[in-house]
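Just so you know, these numbers use all the heavy atoms, side chains as well, and skip hydrogens, waters and symmetry mates.
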Amino acid sequence: MRLVFAGTPEPAVPSLRRLIESERHEVVGVVTRPDAVAGRGRKITRSPIGLLADEHGIPVFTPQRPSEPEFVEQLRALAPDCCPVVAYGALLREDVLGIPKHGWINLHFSLLPAWRGAAPVQAALLAGDEYTGASTFRIEKGLDTGPVYGTMTEKIAVTDTAGTLLARLAEAGAQLLEATLDGVEDGTVQAVPQPLDGISYAPKIEPEAGRIRWDQPALAINRRIRAVTPAPGAWTEIDGKRLKLAPVDMVEEQLPPRTIDIRKSGVYIGTATTAVRLTQVQPQGKRMMPALDWARGARLEPGTVVE
């Protein structure tokens with residue numbers, strides 16, 4: 001099939017790469033979000049999907065909105081049979097949805113109808129789900145409501161962060177997406193409406209969601225830190241200064257909530273239940289470092305509490 005691929009961030013790269021290498025399909029264009037300022041140097045940066053398309057000489061389109069008349073005409077001219085989508089990051093209007101013969105097929109990183117929305121992997125970790133997965137579905141007007149072609153499941157490890165889990169789902173999901181497109185072309189797969197029960201939503205994770213509330217149970221804190229790692233990142237404040245946190249270790253000891261205890265074995269913080277041990281931390285303007293090295297350099301007073 002002639003494909004126009006829509007995607008933006010790194011997790012979309014395995015899918016585009018797999019389709020470029022496919023002997024059955026031809027990627028005739030790529031749609032991605034406009035180049036944006038990124039990094040400490042604040043340089044204008046191409047999206048990971050745009051960079052991969054450039055490497056292979058595939059035309060790249062970066063409309064501010066995919067409903068722009070100029071882009072709509074460009075898409076019609078490409079005459080795609082299908083438009084696969086992975087984390088594109090913009091809503092598609094009905095006039096655009098109707099252009100490809102087989103519609104727009106989205107790879108979503110959850111087992112729909114669970115965790116519809118922008119941050120399904122983070123939501124699964126926050127909720128303590130034992131399993132998650134990926135789904136391919138045909139995009140329609142509603143938010144991730146379209147009929148599902150196929151799914152794959154993935155067990156969530158106790159050490160998983162959003163970054164590690166999403167990386168695995170991106171690779172496995174790329175296989176699912178290719179298999180779905182093969183089946184659509186052959187007429188061997190049919191989209192099935194999503195069930196009406198089991199619906200849940202995963203809104204975009206904002207930076208404030210990474211702030212750790214130490215009066216919560218240790219398990220909830222552990223899940224939150226893993227869910228926002230690597231982005232937007234977990235953080236707390238000590239003496240008015242922000243401190244970024246890597247995933248923590250669960251321990252059996254108890255400390256008063258928010259209280260820091262520094263020992264030879266590590267840096268501990270009390271929660272509503274048992275304490276947690278910090279592993280790596282990042283002070284403002286510095287790199288990640290072992291928590292004990294930071295604590296020694298910070299010269300914290302005994303009984304210091306986090307804010």
Side-chain angles (χ1 to χ4, degrees), residues 1-9 11-12 14-16 18-19 22 24-25 27 29-31 49 65-67 72 75-76 78-124 127 129 131-154 166 169-204:
M1 289 193 294
R2 288 173 59 85
L3 305 177
V4 172
F5 184 94
T8 299
S15 289
L16 177 57
R18 193 173 185 93
L19 294 177
S22 170
R24 295 192 54 172
H25 308 293
V27 181
V30 161
V31 188
I49 284 298
R65 296 182 180 84
S67 58
V72 173
L75 184 62
R76 290 187 192 279
L78 288 171
D81 296 308
C82 187
C83 293
V85 184
V86 185
Y88 170 43
L91 295 177
L92 302 167
R93 288 193 351 186
E94 290 184 65
D95 55 345
V96 176
L97 293 177
I99 292 176
K101 178 173 62 175
H102 294 294
W104 297 66
I105 296 179
N106 189 44
L107 171 65
H108 184 75
F109 298 117
S110 81
L111 297 173
L112 292 171
W115 305 129
R116 294 173 176 172
V121 172
Q122 293 90 336
D129 291 353
Y131 286 90
T132 187
S135 308
T136 49
F137 71 96
R138 182 162 177 153
I139 295 178
E140 57 181 29
K141 189 176 181 180
L143 176 65
D144 300 336
T145 58
V148 173
Y149 288 100
T151 61
M152 52 78 57
T153 59
E154 180 74 21
L166 186 54
L169 291 174
E171 292 292 341
Q175 300 178 48
L176 173 64
L177 180 60
E178 182 182 28
T180 297
L181 295 173
D182 291 349
V184 167
E185 184 179 36
D186 295 338
T188 56
V189 299
Q190 297 294 325
V192 178
Q194 294 183 33
L196 298 178
D197 57 342
I199 298 171
S200 53
Y201 294 94
K204 181 181 178 181

Handout entry: Side chains of D144 and F137 in contact at under 4.5 Å (non-hydrogen atoms)
Key = yes
Handout entry: Side-chain (Q194) to main-chain (I199) donor-acceptor, under 3.5 angstrom
Key = no
Practice task
Spell out, as yes or no, whether a donor-acceptor pair under 3.5 Å connects the side chain of S135 to the backbone of T151.
Solution key: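 No: the side chain of S135 does not pair with the backbone of T151.
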Please table the atom pairs, donor to acceptor, closer than 3.5 Å between any side-chain atom in residues 81-93 and protein atoms at least two apart or in another chain.
residue	atom	partner	partner atom	Å
D81	OD2	R2	N	2.8

Exercise for the section: Starting from the C-alpha separation in whole Å, work towards a yes-or-no answer on side-chain hydrogen bond (donor to acceptor under 3.5 Å, both in side chains) for E140 and T145. Expected result: CA-CA 7 Å; E140 57 181 29; T145 58; 2.8 Å; yes
Roughly how far, to the nearest 0.5 Å, is the [atom2] atom of [Y] from the [atom1] atom of [X]?
X: D129; Y: E154; atom1: CG; atom2: CD; value: 13.5 Å
X: W104; Y: I99; atom1: CH2; atom2: CD1; value: 7.0 Å
X: L19; Y: F5; atom1: CG; atom2: CZ; value: 6.5 Å
X: L143; Y: Y201; atom1: CG; atom2: OH; value: 7.0 Å
X: E94; Y: I139; atom1: CD; atom2: CD1; value: 13.0 Å
X: H102; Y: M1; atom1: NE2; atom2: CE; value: 5.5 Å

Exercise for the section: Apply side chain to side chain contact (heavy atoms under 4.5 Å, CB included) to T132 and V121, showing your working. Expected result: CA-CA 8 Å; T132 187; V121 172; 5.9 Å; no
Report, one line per pair, each donor and acceptor closer than 3.5 Å where one atom sits in a side chain of residues 171-184; sequence neighbours left out.
residue	atom	partner	partner atom	Å
E178	OE1	R18	NE	2.5
E178	OE1	R18	NH2	3.4
T180	OG1	T136	OG1	2.9
T180	OG1	L176	O	2.9
D182	OD1	H25	NE2	2.7

